[in-house]
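Written below as structure tokens is the structure these notes are about.
FYI, side chains are in, hydrogens and waters are out, and symmetry mates aren't considered; it's all heavy atoms of this structure.
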Amino acid sequence: MKIKVLAFLLPLLFGTVSLPAVASYVKGHIDSPSSDYENFKIRGWACQTGRNVSINTHIYLNGQAGSGSIYRSLMASNNSEQGVANACSNSLKKNRFSLTVPLADVYKHRNKSIYIHGISSIGSGNKLLTNSGKYKFPNVPTSKVVGHIDSFSKSGNDYYVRGWACQKYYKKSISVHVYAGGKAGGEALISHQEKPIFRVGHLSQTLAEPVLAHINSM
């Protein structure tokens with residue numbers, strides 16, 4: 001009975017006691033990327049602390065927002081472990097992000113440093129994630145187009161150009177454009193092919209002029 005009376009009298013004597021609200025802010029971490037440049041992944045986690053929501057992230061290269069160049073945005077909405085939930089003070093467990101970078105982008109942005117901003121879901125301010133600037137795109141070898149025209153021949157009413165073409169260190173086929181009479185920009189395109197070993201047939205144009213094959217970069 002005495003405990004109940006004291007519990008009743010405390011608010012009257014001292015007023016209602018309220019705990020201060022815990023401020024919510026953006027928090028996150030960039031994990032070490034995969035080392036394989038053909039399967040390069042940018043990954044980590046980001047959250048709005050104390051909120052069961054996934055947030056967006058913005059990836060910048062060679063500097064943070066205002067100095068670097070924007071690469072792309074990425075939602076941090078993949079499954080995350082209890083350790084991330086503890087760091088975020090939430091129970092969502094969907095605060096991880098992972099991006100498999102296209103190989104063409106790996107070559108385009110070789111050796112550029114990676115910065116990631118977590119974007120606040122409540123307007124509390126965007127924040128640069130831990131380890132921003134620490135990791136870089138792989139410093140892959142310079143990739144250039146190489147190729148060779150093996151032969152030019154006629155069979156019946158058809159003419160054939162045979163040869164090969166590739167982008168060094170790139171494991172996919174690239175396209176080849178065949179011109180007659182000169183290089184691209186000055187002469188008409190006869191045909192195009194998208195195979196590493198190419199054979200272009202049925203060339204109906206007048207072929208008294210030299211044939212040039214232009215090999216396009218990826």
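A donor atom on one side chain and an acceptor atom on the other are not found under 3.5 Å apart for N126 and S120. Side chains of K94 and N79: a donor on one and an acceptor on the other come within 3.5 Å. For R162 and S153, the side-chain atoms include at least one donor-acceptor pair closer than 3.5 Å.
Under the 3.5 Å distance criterion, the side-chain polar atoms of S124 are left unmatched by any main-chain donor or acceptor of Y25. With N52 contributing its side chain and L92 its backbone, the two residues share a donor-acceptor pair below 3.5 Å. For R43 (side chain) and S32 (main-chain N/O), a donor-acceptor pair under 3.5 Å exists by modelled atom type. Between the side chain of S34 and the backbone N or O of N39 there is at least one donor-acceptor pair closer than 3.5 Å. In this structure a side-chain-to-backbone donor-acceptor pair under 3.5 Å is missing from K41 to S98.
Surrounding CZ of R51 are at most 12 heavy atoms belonging to other residues, nucleotides or ligands under 6.0 Å away. In this structure, K144 places its NZ atom where only 12 or fewer heavy-atom neighbours from other residues, nucleotides or ligands lie under 6.0 Å away.
I119 is listed as a side-chain neighbour of H58, based on a closest heavy-atom distance under 4.5 Å. In this structure, L99 and R72 have side chains that are in contact, with non-hydrogen atoms separated by less than 4.5 Å. N95 places a side-chain heavy atom less than 4.5 Å from the side chain of N90. Considering only heavy atoms from C-beta on, V161 stays 4.5 Å or farther from V176 through its side chain. Residues P33 and Y135 have side chains in contact (heavy-atom distance under 4.5 Å, counting atoms from C-beta outward). No side-chain heavy atom of H117 sits under 4.5 Å from any side-chain heavy atom of V26. The closest side-chain heavy-atom distance from W45 to C88 is below 4.5 Å. In this structure, Y37 and N139 have side chains that are not in contact, with every pair of non-hydrogen atoms separated by 4.5 Å or more.
The two residues I114 and K136 make their nearest non-hydrogen contact at CD1-C, 4.0 Å. Taking all atoms of both residues into account, the shortest heavy-atom contact from R96 to S80 is CG-CB, 3.6 Å. Shortest non-hydrogen contact noted between C166 and I174 is C-CD1, 3.5 Å. A pairwise comparison of heavy atoms in F97 and H29 identifies CZ-O, 4.1 Å as the closest pair. Nearest heavy-atom pair, A76 versus A46, reported as atom, atom and distance to 0.1 Å: CB-O, 3.8 Å. When every heavy atom of P141 is checked against every heavy atom of Y107, the shortest pair comes out as O-CE2, 3.6 Å.
Rounding to the nearest 0.5 angstrom, the gap separating the CG atom in D31 from the OG1 atom in T130 is 10.5 Å. Summarising the geometry, atom OG belonging to S121 is positioned 6.5 Å from atom CD1 belonging to I55; distances are rounded to the nearest 0.5 Å. Between the CG atom of N111 and the CG atom of N62 there is a distance of 8.5 Å, given to the nearest 0.5 Å. Here Q48 contributes atom CD and S89 contributes atom OG; the two are 11.5 Å apart, rounded to the nearest 0.5 Å. Going from atom OH of Y60 over to atom OG of S132 covers 11.5 Å, rounded to the nearest 0.5 Å. Atoms CD1 and OG, from I59 and S73 in turn, are 8.0 Å apart once rounded to the nearest 0.5 Å.
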Stepwise side chain to side chain contact (heavy atoms under 4.5 Å, CB included) test for I116 and I42: CA-CA 10 Å; I116 303 181; I42 297 173; 3.8 Å; yes
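Residues Y71 and Y115 fall into different hydrophobic clusters, defined by Ile, Leu, Val, Met, Phe, Trp and Tyr side chains chained together at heavy-atom separations under 4.5 Å. Linking ILVMFWY side-chain heavy atoms closer than 4.5 Å, directly or via other members, places V106 and V145 in a single hydrophobic cluster.
With sequence neighbours excluded, the residues forming a ring-ring contact (aromatic ring centres under 6.0 Å, His included) with F40 are F137, listed by chain and number.
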